[in-house]
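What follows is one structure encoded as structure tokens, with my remarks underneath.
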Amino acid sequence: MAHWIKITYDRSTYVIDLDRVAAFCQAANGRLSFSLPDDNITIVINPQSDPSTYQLLLNYIEKQTGYLLNSP
């Protein structure tokens, strides 16, 4: 079953099927980034500026993979 989320990023609103995202990247400063499928857009979620979306992504990654990423 698809897991859809709605994100406002860079003055645009995206509705994203997280099951289609190939990889997530967490930088040393805690930011999460991922590229949209079939597009050249990389979305970066900062825990300070968007804590609810950030936590939603951490929970999704842990639920789907079993990997626990570090929270800042």
Side-chain angles (χ1 to χ4, degrees):
M1 181 170 169
H3 189 94
W4 293 88
I5 63 168
K6 179 179 170 183
I7 294 177
T8 301
Y9 178 75
D10 200 24
R11 299 184 185 143
S12 297
T13 301
Y14 298 92
V15 177
I16 302 165
D17 179 0
L18 292 177
D19 292 339
R20 293 196 60 217
V21 174
F24 293 89
C25 176
Q26 185 179 40
N29 61 3
R31 292 185 302 179
L32 282 174
S33 62
F34 60 93
S35 295
L36 296 179
D38 305 326
D39 212 340
N40 289 330
I41 297 173
T42 299
I43 293 182
V44 179
I45 304 297
N46 187 327
Q48 289 79 23
S49 63
D50 194 354
S52 61
T53 301
Y54 184 82
Q55 190 60 51
L56 187 140
L57 290 172
L58 286 180
N59 292 344
Y60 172 80
I61 293 166
E62 181 180 5
K63 180 181 174 189
Q64 295 300 317
T65 67
Y67 295 119
L68 180 60
L69 297 180
N70 297 327
S71 296

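Within the model, atoms OG1 of T13 and CG of D10 stand 11.0 Å from one another, a figure rounded to the nearest 0.5 Å. With rounding to the nearest 0.5 Å, the separation of CD1 in I45 from OG in S52 is 9.0 Å. A distance of 7.5 Å separates CZ in R20 from CH2 in W4, rounded to the nearest 0.5 Å. Here the CZ atom belonging to R31 is positioned 14.0 Å from the CD1 atom belonging to I43, to the nearest 0.5 angstrom.
Listed here is the closest heavy atom pair of V44 and Y9: O-CE1, 3.2 Å. I41 and Y14 get closest at one heavy-atom pair: CD1-OH, 3.8 Å. Between G30 and P47 the shortest heavy-atom distance is O-CD, 4.1 Å. Closest of all the heavy-atom pairs between Q26 and L58 is NE2-CD2, 4.4 Å.
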Evaluate the side-chain contact (heavy atoms from CB on, under 4.5 Å) criterion for residues L69 and E62: first the C-alpha distance (whole Å), next the side-chain angles of each, then the deciding distance (0.1 Å), finally the verdict. CA-CA 7 Å; L69 297 180; E62 181 180 5; over 6 Å; no

I5 vs V15, test: side-chain contact (heavy atoms from CB on, under 4.5 Å). Steps then yes/no. CA-CA 6 Å; I5 63 168; V15 177; over 6 Å; no

Worked check of side-chain contact (heavy atoms from CB on, under 4.5 Å) between I61 and K63: CA-CA 6 Å; I61 293 166; K63 180 181 174 189; over 6 Å; no

So L18 and L57, side-chain contact (heavy atoms from CB on, under 4.5 Å) or not? Walk me through it. CA-CA 9 Å; L18 292 177; L57 290 172; 3.8 Å; yes

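Side-chain atoms of S33 and T42 include no donor-acceptor pair closer than 3.5 Å. Donor-acceptor pairing under 3.5 Å is lacking for the side chains of N59 and Y54. Remark: the D50 side chain and the T53 side chain contain an N/O donor-acceptor pair separated by less than 3.5 Å.
Looking at I16 and K6, their side chains never come closer than 4.5 Å, going by heavy atoms from C-beta outward.
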